[in-house]
Protein chains: 2
Amino acid sequence: MTDTRDLFSQHNLRCTAQRLALYETLAERHDHPTAEELYRIAKSRTEKLSLATVYNTLDALCMVGLVRKLPTTNGSCRYDADTSIHPHIRYRDTDEIEDVPEKLGAKLLELVPDEMIEQIESELNIHVTGMNFQIIAQRH
Amino acid sequence: MTDTRDLFSQHNLRCTAQRLALYETLAERHDHPTAEELYRIAKSRTEKLSLATVYNTLDALCMVGLVRKLPTTNGSCRYDADTSIHPHIRYRDTDEIEDVPEKLGAKLLELVPDEMIEQIESELNIHVTGMNFQIIAQRH
DNA sequence: GTACGTGCAAAATGTTTGCATCATT
DNA sequence: AATGATGCAAACATTTTGCACGTAC
């Protein structure tokens, strides 16, 4: 798949083995690994890789908008290669984040917050304890 | 205001000068300070206070549901004494978080995500670059 | 009086930085 | 050839921990 190389070129990013491996690893997943997790997973794909490069790369990818950094409450951020607006489930105990299954996720975007909670609880086998929604903005 | 003492007692929390000062300081604010910020602000109210106590207290208050820990992307969490579901604005550059003004906030809870963004941009003088919404859940 | 909270200093965790080396363009 | 990326180690920031002492109940 030479697709990623095109994508990188369009954003003036050099196509290094490390960056390709990192982006492709991230894009495959529907959970949202931390930098450390991504490092371990991607390391099996590319011979040489350091944690510093993981941070550098994720930062570069965020800058051009190919990756989104997801906030957590435990100090270790998580990353998502799907930059569209879509709902996440964050587990209270571990701070793990995962996508709402695609079909349900699309449905939620048509609902108001209270209805979302109802839907989630009735469709998935989880107990919703809260909801955090942040509008990300730029002052001007 | 001896109200806070009642609130604490109801949750089996001891009423120490430090805890009272911290909770009351936090409850007054519509921005959402980090532990460090809260430490500096509350320190003027109570003679003795350490940063470790700020962390211990915030943790205790979160446990009983009197405070909510807000996720950020820069490694330093923020705290909110309003535990109801309500929208926040997070600024991209600084990771500062603030409440959407009350009236607009209530209105947003009646809208679907796309409409929320429209409303925010037309009512406030900011540029929305994204939206992050997390359903907080507990596995079972 | 006992159980719990506080404060200090030290440790742990996650992330960033400086710089010499290496690879992509 | 030049510009930018990598990797190492050290620095940094935030949060957690262990423990002696103090305070609320």
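Values reported hereafter were calculated over all heavy atoms of this structure, with side chains retained and with hydrogens, waters and symmetry mates removed. Letters go in sequence order (proteins before strands), and every chain restarts at 1. Please read these numbers as outputs of a predicted model, since none were measured by experiment.
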Report the residue from A/Glu98, A/Glu96, A/Glu37 that forms a salt bridge (Lys or Arg N to Asp or Glu O under 4.0 Å) with A/Arg78. A/Glu37
Tabulate atom names and distances for all N/O pairs under 3.5 angstrom spanning the protein and nucleotides 23-25 of chain D.
unit_1, atom_1, unit_2, atom_2, d
D/dA24, N3, B/Arg14, NH1, 3.4
D/dC25, OP1, B/Cys15, N, 3.4

Establish, from distance only, whether the side-chain atoms of A/Glu24 and A/Thr4 form a donor-acceptor pair under 3.5 Å. yes
Side chains of A/His32 and A/Asp99: is there a donor and an acceptor less than 3.5 Å apart? yes
Classify the nucleic acid contact of A/Gln18 as base, sugar-phosphate or nothing, counting any heavy atom under 4.0 Å across all strands shown. sugar-phosphate
Between atom NZ in B/Lys48 and atom P in C/dG7, what is the gap in whole Å? 6 Å
To the nearest Å, give me how far apart OH (A/Tyr55) and P (C/dT13) are. 13 Å
From CG of A/Leu20 across to P of D/dA5 the rounded distance in Å is 13 Å
Evaluate the side-chain proximity of B/Thr73 to B/Arg90: yes if any heavy-atom separation is below 4.5 Å, no if none is. yes
note: A/Lys69, atom NZ; C/dT15, atom P; distance rounded to Å ~ 7 Å
Flag the pair B/Thr94 / A/Arg139 as yes when at least one side-chain heavy-atom distance between them is below 4.5 Å, and no otherwise. yes
Measuring from the side chain of B/Ala35 (C-beta onward, heavy atoms only), which nucleotide among D/dT6, D/dT15, C/dT6 has the closest atom? D/dT15
Return the value, rounded to whole Å, for the distance between atom NZ of A/Lys43 and atom C1' of D/dG7. 10 Å
Take atom CG of B/Leu51 and atom P of C/dC8, then tell me their distance rounded to the nearest Å. 11 Å
Rounded to the nearest Å, what distance is computed from the CG atom of residue A/Asn56 to the P atom of nucleotide C/dT15? 13 Å
Quick one: on DNA chain D, does A/Arg19 or B/Thr34 contact a more 5' nucleotide (nearest heavy atom)? A/Arg19
Using whole Å, what does the distance between atom P of nucleotide C/dT6 and atom OH of B/Tyr39 come to? 14 Å
Phosphate-side-chain proximity, B/Thr57 and C/dT6, N/O vs OP1/OP2 below 4.0 Å: yes
